[in-house]
Amino acid sequence: MQKTFRKYKRGESIGRSTKKILNALTLDEMFDKFMTFKKTEALAPRTIEEYV
């Protein structure tokens with residue numbers, strides 16, 4: 001029986017890590033992305049105002 005060979009160790013990520021992404025965006029940019037996402041959820045105008 002052949003032993004399974006893993007390309008990556010457990011815990012290693014493939015591609016960009018979260019740390020790199022967070023370092024690339026400012027807090028304002030993250031908030032803008034968050035608000036854009038919330039607006040696409042078709043929330044009530046009052047809910048959007050509360051987030052702001």
Side-chain angles (χ1 to χ4, degrees):
M1 182 176 262
Q2 193 175 24
K3 187 175 179 180
T4 304
F5 178 74
R6 293 179 184 245
K7 290 184 180 180
Y8 301 98
K9 294 180 184 175
R10 290 184 183 171
E12 287 185 16
S13 62
I14 301 171
R16 296 177 68 173
S17 70
T18 304
K19 193 173 189 178
K20 287 180 184 177
I21 293 170
L22 291 177
N23 286 337
L25 297 174
T26 65
L27 190 57
D28 289 332
E29 291 169 334
M30 285 187 261
F31 180 73
D32 289 338
K33 286 183 179 286
F34 173 78
M35 288 306 297
T36 301
F37 179 75
K38 287 299 179 183
K39 288 176 184 176
T40 60
E41 290 183 326
L43 299 175
R46 182 170 178 208
T47 305
I48 299 292
E49 289 175 19
E50 291 295 322
Y51 280 124
V52 175

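Source: prediction; values computed, not measured. Just so you know, residue 1 is the first one in the sequence shown, and it goes up from there.
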Is there a chain of hydrophobic side chains (I, L, V, M, F, W, Y, each step under 4.5 Å between heavy atoms) that links F34 to I48? yes

Show the nearest heavy-atom pair for residues L43 and Y51, with the distance to one decimal. CD1-CE1, 3.8 Å

Is any side-chain N of the basic residue among E41 and K38 closer than 4.0 Å to the acidic one's carboxylate O? yes

